[in-house]
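To start, the structure itself, in structure tokens.
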Amino acid sequence: MAPGAAENDGRVARVVPLLRLHHLGRRQFDYAIPDGLTDAVRRGSIVTVPFGKRTVRAVVMERASAPESGDVSALKGVEAVGADVIAEELVDLAEAMAERYLCSLEACLRLVVPIGAAAGKVREASVRRDHVAVSADVDPDVVSGLTGKQRAVVDAIPAAGISKKALCDATGVGRGVLATLEKKGVIESRAGLLSGGDADEGRGSEAEGRPGGPSTPRALALWPEQARAVEDLVWALDGPGLTERLLWGVTGSGKTEVYLRVIEHALATGRGTILLVPEIALTPQTIGRVKARFGDDVGVFHSGLAQGQRLREYRRVASGAARIAVGARSAVFAPVRDLGLIIIDESHDNSYKQEEEPRYRVKTVAQMRLEAHGGLLLEGSATPAVESMTASEGRLRLSRRASGAPPAIEVVDMRRQGPGMLLASRSRQALAEVLRSGEQAIILLNRRGFAGYVHCETCGHVLMCTDCELSLTYHQGERKLLCHHCGRGYGQPHACPKCGEAPLTRASPGTERLDGELRTLVPGDQVFRLDSDVVSSAAATQAILSAFGSSHPGVLVGTQMVAKGHDFPDVTLVIVADADVGLYMPDFRAAERTFQLLTQVAGRAGRAQRPGRVLVQTSNPDVPCIRMALAGEEEAFYEQESITRERLGYPPFAELIRLVTSSPDAAKAQAAGRHLVQQLAPFFSGEELHGPAPLLRLRGRNRWQVLVAARQGERARTIIGQALAQLEEPYRRRGVVLLADVDPLSFG
Ligand code: ADP
Ligand code: ZN
């Protein structure tokens, strides 16, 4: 038999079922291919197969002439084959990602399987706090064991999720039933996420029609800096191998126009493009402009699309009818043909890291995709990550501001203010002036809710979540204390639960409190608030932004959502209410994040002909990252930060791999952490291997962390992968979960 014949003719399909069977699982299962399907089944096919008591979707990894064990005749058969086949390149990618991210192959395959293709259920929904959705992968045995009432509840949950209250009302059950289902893993609730809206496509065409707006369909005559950038990028795109570039420029410096030119060149030379944007809700203009320039050649991907729409876009891209895919993080998996260009816009944005399995980073996945056939990976940002800055082979600077002079930045030293002052008198004055002249202001306070914590004046006790070692945030609108991690709500007690005394004081004010305070200074209809408590969808975000945009005067107050790339020409004042919020986090990126946020929000002031003013309220005006952000010393900041990271062995000078062990039983979690360290110790130096160290308890699970800062990432991943493969299963049986996060962004 000729080599390779088995792949084409074999009667066995080796598949990975799309079920979460095992955290690190690579297991594949054999099924017989019935006569009628022999032509249709190949690597990348999506099939349905009988599995346990039900039928599930599965991805075919290969065909074989004989099963791993036993005889073909003993195998169950493939039941059906879907019309869509995952491109070979993407199946390879999923396999490489499972290795790279030390996670299950199934979880990685899920990313490249078109949602809604073939039979079976995959429900994906981002839901608001106090919402529930059906878990993406439910253990069939658990489902078959549900009572009739429980089943009715599950069936009543729409794909997009539903609020717990509405669900209880609709089905006539109490919250206890939901809690039981959640414990069984059948449904899940998630806290504080934005679910994508569905308004993006429509808005694109609206932007097209706006005369003189940011979306002129015809190409503009490039500014000299743009022309130089385009020339270099086109050259890089045409060259062999994978090339990386960073386009460094503030909002309005002309980055998008550069992207469009490079995409044009890619198309002209027969290569496809993926353009990634951080959050669809906050970047509708970009999508509008790409569609205005390239029309039907653009496929748009985001979580707000209905399954059918998503599949339609997938097919347009997979068939080559659309050669440009635009979307948020997961669009990096779009089946673009002859892919040659991946652009990551606002590449510093945290949304480019997935915080659930597989914990991938978009930039790394983009590198993996382009490595095979070569191409250009282009990052664009006004405030690049230190890693992008240090590692980039080619940095292209766009220094032009859309118009006008840079804003005047002033420090408001809060150490000289009376206690309890949210806005200093200078800030109030500035605000009053701006509003009097019919202009607009943005106030940033990167903390949601009314009060960040509540404490007892007598004994100092801080009210905490019982499941998480985190202080509770008071939300006045709901008259509740909420845990911002797990979303659990508590009534506000009248007296301290510890010492029985009163009063309880609400400290550390958030956006809700600021919003209320502003309404005492400014007519209420001129105040707009933007944070994840008031918006739950892209459409709602857009509604608030556009209402603010057309309100003169107007004040927009909110969390870091207000700092992203919107363009409001009449904003002449930006106030940072508390520049210190992110400063003392136990995270080596705390300085970088503070610097980025201040630089970003300052860039919102004085966009048009009017000069802008930025007031930064801080009690730490001399901390380097704040001082440098205020002085606009960007180069200096990046250089200093890079030196610090090299000295301390942080990325990009080392690759971080974070391992977390967790269990309701504190001792077991700790023992697993110790065991991991024991296994790893022979392979790493003391500088590379840290822990186990205790983390905060979350959702009732005690957690320990082992951190590897490896000089040789690939070697480290191999070693850690082997250790996990050994320990994962035995510990899981004891109720301990082992989790790996390669290139972690958060350490809480
Ligand atoms: P960024 O993506 O960096 O925010 P844009 O590409 O959106 O910058 O450009 C900012 C504004 O300047 C937009 O309104 C855009 O239409 C305009 N613009 C960009 N490049 C040019 C150019 N070469 N000539 C005229 N206007 C331009
Ligand atoms: Zn909690």
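As a basis for the values below, the full set of heavy atoms in this structure was taken, side chains included, without hydrogen atoms, waters or symmetry mates. Remember, it's 1-based here, ligands and their atoms both numbered in the order they're listed. None of these values were measured; they are calculated from a predicted model.
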I'd like to check which ligand 1 atoms, numbered from 1 as shown, lie under 4.0 Å from a non-hydrogen atom of [X].
| X | result |
| --- | --- |
| Glu257 | 6 (O), 20 (N) |
| Ala221 | 22 (C), 23 (N), 24 (N) |
| Leu222 | 23 (N) |
| Val250 | 3 (O) |

Examine the side chains of Asp349 and Ser351 and answer whether a donor and an acceptor come within less than 3.5 Å of each other.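 Result is yes, a qualifying pair exists.
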Distance only, no hydrogens: is a donor on one side chain within 3.5 Å (strictly under) of an acceptor on the other, for His348 and Glu592? no
Given Val230, which partner from the list Glu257, Glu225, Arg261 fulfils the side chain to side chain contact (heavy atoms under 4.5 Å, CB included) test?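 Only one option passes, and that is Arg261.
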Quick one: which of Ile442, Thr541, Thr559 gives a side chain to side chain contact (heavy atoms under 4.5 Å, CB included) with Leu530?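 Running side chain to side chain contact (heavy atoms under 4.5 Å, CB included) over Ile442, Thr541, Thr559 with Leu530 returns exactly one hit, Thr541.
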Winner among Lys255, Arg289, Glu225, Arg261 once heavy atoms are compared against atom 7 (O) of ligand 1: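 The residue whose heavy atom sits nearest atom 7 (O) of ligand 1 is Arg289.
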Under the ring-ring contact (aromatic ring centres under 6.0 Å, His included) test, which residues partner Phe637, sequence neighbours left out?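 Checked Phe637 against ring-ring contact (aromatic ring centres under 6.0 Å, His included); matches are Phe595.
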Six-ring centre of Tyr474, Arg506 cation under 6.0 angstrom, axis tolerance 45°: yes
Can you establish whether the number of heavy atoms outside Glu231 located under 6.0 Å from its atom CD is more than 12?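 Open: at most 12 neighbouring heavy atoms sit under 6.0 Å from CD of Glu231.
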Around the Zn ion (ligand 2), what protein N, O or S atoms are found below 2.8 Å?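 Cys465 SG, Cys468 SG, Cys483 SG, Cys486 SG, with waters left out.
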Can we say Glu387 and Lys363 salt-bridge, meaning some charged N sits less than 4.0 Å from an Asp/Glu carboxylate O? no
